[in-house]
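Here the structure comes first, spelled out in C-alpha cells, and everything after it is commentary.
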Amino acid sequence: AQAALASFGGDELAMASAHRQATAASQPLIAELFKHGAPVPMIRMDWMVKRRGPGQAQVVFGEYCEMGACCLKWQEGPPKIWRSALDLVL
C-alpha cells in the first residue's frame, strides 16, 4: 500500500478515489462471473490506475486472472486452489 501511495505522490485522496472506482466497477464484473456456472476457486482482477491530478484518479479494468493469482506467503494456497479447480472439472 505504501508503494502504491508513493506512486501517487502521497495523494491519499486520489488513492481513495481509485479504490472506490475499482470497488464499484468490480461488482458487476464479479456478478457476471456468477451467471455462468460455479464460481472459480480464486480470482484476481487486474486494473490500470493513474493519478490524473490532485485527488483524482482514473481506473480501467484489465482482465480476470482466475487461476494465475498470486498466493503471496500463503503456503497452502497453490495446492488448495489447484485441487479446487480439479474438483470442479472432474
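We count residues from 1, following the sequence as given.
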Residues 25-35 vs salt bridge (charged side-chain N to carboxylate O under 4.0 Å, His left out), sequence neighbours excluded, gives Glu32-Lys35
Atom of Pro28, atom of Ala24 and distance for their closest heavy-atom approach: CD-O, 3.3 Å
Please list, chain by chain and in numerical order, all residues satisfying side chain to side chain contact (heavy atoms under 4.5 Å, CB included) with Leu13, sequence neighbours excluded. Asp11
Distance alone, cut at 3.5 Å: any donor-acceptor contact between the side chains of Thr23 and Gln27? no
For Ser26, side chain to side chain contact (heavy atoms under 4.5 Å, CB included) partners two or more places apart: Ile30, Met45, Trp47
Under 4.5 Å between side-chain heavy atoms, chaining through other members, with only Ile, Leu, Val, Met, Phe, Trp and Tyr counted: pull out the rest of the cluster around Met48, sorted by chain and number. Val60
Can you list the residues that meet the salt bridge (charged side-chain N to carboxylate O under 4.0 Å, His left out) rule with Glu76, with sequence neighbours excluded? none
Gln58: side chain to side chain donor-acceptor pair (under 3.5 Å) partners, not counting sequence neighbours: Arg52
Nearest 0.5 Å, what's the CZ-CZ distance between Phe8 and Arg51? 8.0 Å
Please give me the minimum heavy-atom distance between Gly55 and Ser17, naming the atom from each residue. O-CB, 4.0 Å
Looking only at heavy atoms, which two atoms of Gly53 and Ala14 are closest? And how far apart? O-CB, 4.3 Å
Listed partners of Glu63 passing side chain to side chain contact (heavy atoms under 4.5 Å, CB included), at least two apart: Asp46, Cys65
